[in-house]
Protein chains: 2
Amino acid sequence: MKQKISDKVAERLQEMLKNQTWTAGDKLPPERDLAKQLGVSRPSLREALQKLVCAGLLTTRHGGGTFVQEKNQVNFIDPLLNMFQEQTEAKFDVLEVRHALEGTAAYYAALRHTEVDRQRIQHCFDYMIEMHGSPNPLDEAKADAQFHLAISEAAYNPVLQHIMKNLFSLLENSITHNLDKLYTLPKVFEPLSHQHERMMNKVLERDADGARRAAQEHLVFVGESLQQIERAESRKLHAVRSLPTL
Amino acid sequence: MKQKISDKVAERLQEMLKNQTWTAGDKLPPERDLAKQLGVSRPSLREALQKLVCAGLLTTRHGGGTFVQEKNQVNFIDPLLNMFQEQTEAKFDVLEVRHALEGTAAYYAALRHTEVDRQRIQHCFDYMIEMHGSPNPLDEAKADAQFHLAISEAAYNPVLQHIMKNLFSLLENSITHNLDKLYTLPKVFEPLSHQHERMMNKVLERDADGARRAAQEHLVFVGESLQQIERAESRKLHAVRSLPTL
DNA sequence: AGACTTAATTGGTATTACCAATAGGTGAGA
DNA sequence: TCTCACCTATTGGTAATACCAATTAAGTCT
C-alpha cells in the first residue's frame, strides 16, 4: 500500500522530534517555511501537523506558532476510551482495571520511590485533606487523582504511568459527578482518608506487599460505596419511572 | 479558549457517528458534498476527517470514498506508547503491567466466560500448539497473543480489553524479536505450554483465584526467561565491545 | 455474455489569497 | 527614563480553485 504524503511528512516530523531536532517547549519554524523545507504544500504539511497535535505531541497557538508539547502535560485521551464513558458500567470497568494496576503501582512504588517522590506523595496527601469540604467537589476529586498518580509515578514504570493518567483523565471528564457524590457522603470520608493514609504509609515504609494490600482494600471499599450509590439511584429512577403506569 | 472550526467539525462528525447516522462499513458522502453540507471549506473538513482517521474511527480509500471503520479491527496504537518501544526496559515495564492486568483478566474470565468464549479459548490454545515450530516464529508469537487476548475478552471488561489489545500490538511491532527468541529456546516451550494449559483449565473450571495465580506464575516465568536472555545478550555485547581494547 | 475501455466519481495535493490572533517594536505620555 | 498604548509584521486558520490519481461503474466491442 502506498502511503499518503501527509503521512510520510508526519513520520518525518515524528523522527525529528525523537532525534531531538526540537525539544519540549521549542517553537517550530513557521508553516510556510517548514512546508518549503520539506518540499510539500502547506495544506499537506498542515494535515501532518494536525495528526501530531491530535496525538498530543505538538500544540499550536493562532498567531503565535507551533510548539513541542511538554511530555508531562499529556492532554491526550485515547479516543476509544472516550467512547466508553457513556456506558454506565464504565466506572466499574475502570475500577476493576484500577484494582489491578494500583496494587502493583503501590507495590513497585514501595520498592522504588526516592526522596523526591516521598515528599510529593506527602504533599499530595496533605493537599487532599485540605481540599476536603471544598465548595467545588471537583477540586477534591482532582486532588484524590493527583494523590494516586503521585504513587504510580513513584513506581517508575512509564507504561503503567501512562495508562493510569489516561484512566484518570477519562474519569475526570464525565464520571466525576459520581465520584463527588462519593465524597459528600458523610460516612465515607473518614474511612477513605484512613485508607489513603495507610496506603501512603505502607509505600513510604517500603512495605511492598502491605502497600499492594492497602491499595486493593481501598478500591474494594470504593467499589462497594459506588454500588450503594448506584442502587440508591436506580431505586429513585424506578420510583419515578413507575409513576406513569399508575 | 475558542475552538478551531476543524475541531468543531470533528466533534460534529463524532456526534453523528455516535448517533448512528452512519454505521460500521457505511460510506460517507463525498468530501465536496459533506463540506457544503456542514458549511465549511473542503480543507477544513479534511483536517477534521484526518483526525478521525488518525483516531481509528474512519478509513479512506483514494478514489473510493470515506468509510466508517469496523470497531473490531482497531489498528490504532496510542502514539505515546509508540515512543516507549525504543527503550530496552520497555518490555519489562509492559511485563509488569501485564502481570497486573492478566491476573484480574483471568480472574474475571473464570467468573464470566460463556460457552462461546470457552470454545474460542480452546481453539486459540490448540492453534498455539499447532503453530509451535512454525518456520516463521512471528506466527507463534501472534498465536500466543491471540490466546491471551481471548482470555481477557472473556472477562467482559471493555476498558481492560482495550488496554490489553494496545499492549499486545505494541509488543508485536518491535519487541517481537525478543519473544521469538524466547520461543526458540528448547527448555522453554515445555513449561510455557504447560502454564498456558493450566491457566486455561483454571479459567474454564471457573476457579477464579486459581486462574489469577496461574496467570501470575506464567508471567513471572516469562519475566525470568527474558532476563536470562537479556543477560546472555549483554554478555555477548560486552565480549564484542571489549575486543578492541585488547 | 464476458472482458475490455472509457468516463464520471472521489480522495489527494498544490497554489493562492485573505482573515485573525499574537508578538514585538515604536512612539507618546507620565 | 520608564510605562503603556498602539501599530505593524509575523504566523496560524480558513477559504476558493484547479488539477492529479485512484477507483468505480457504465458503456462498448468482441
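Note on naming: letters A, B, ... go to the chains in the order of the sequence lines (proteins, then strands), and numbering restarts at 1 for each one.
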Could you walk me through whether R112(B) and E96(A) pass salt bridge (Lys or Arg N to Asp or Glu O under 4.0 Å), step by step? CA-CA 14 Å; R112(B) 299 173 185 165; E96(A) 282 180 10; 2.4 Å; yes

Between the side chain of D93(A) and the main-chain N/O of V159(B), is any donor-acceptor distance below 3.5 Å? no

Are the side chains of T66(B) and T59(B) in touch, meaning some heavy atoms are under 4.5 Å apart? no

Can I get a per-line list of side-chain donor-acceptor pairs under 3.5 Å for residues 118-130 of chain A, giving both atom names and the distance, sequence neighbours left out?
residue, atom, partner, partner atom, Å
R120(A), NH2, D117(A), OD1, 2.9

Any idea how H148(B) and H218(B) line up, ring-wise: parallel (<30°), tilted (30 to 60°), or perpendicular (>60°)? parallel

Is the side chain of E102(A) donor-acceptor paired with the backbone N or O of A215(A) at a distance under 3.5 Å, no angle test? no

Note the angle between the end axes of the helix from dA1(C)-dT30(D) to dA30(C)-dT1(D), five pairs defining each, rounded to 10 degrees. 0°

Using a 4.0 Å heavy-atom cut-off to protein, can you give one letter per nucleotide of nucleotides 10-20 of chain D, 5' to 3': B if the base is in contact, S if only the sugar-phosphate is, - if neither? -BBBBB--BB-

What pair of heavy atoms forms the shortest contact from V203(A) to H113(A), and how long is it? O-CE1, 3.1 Å

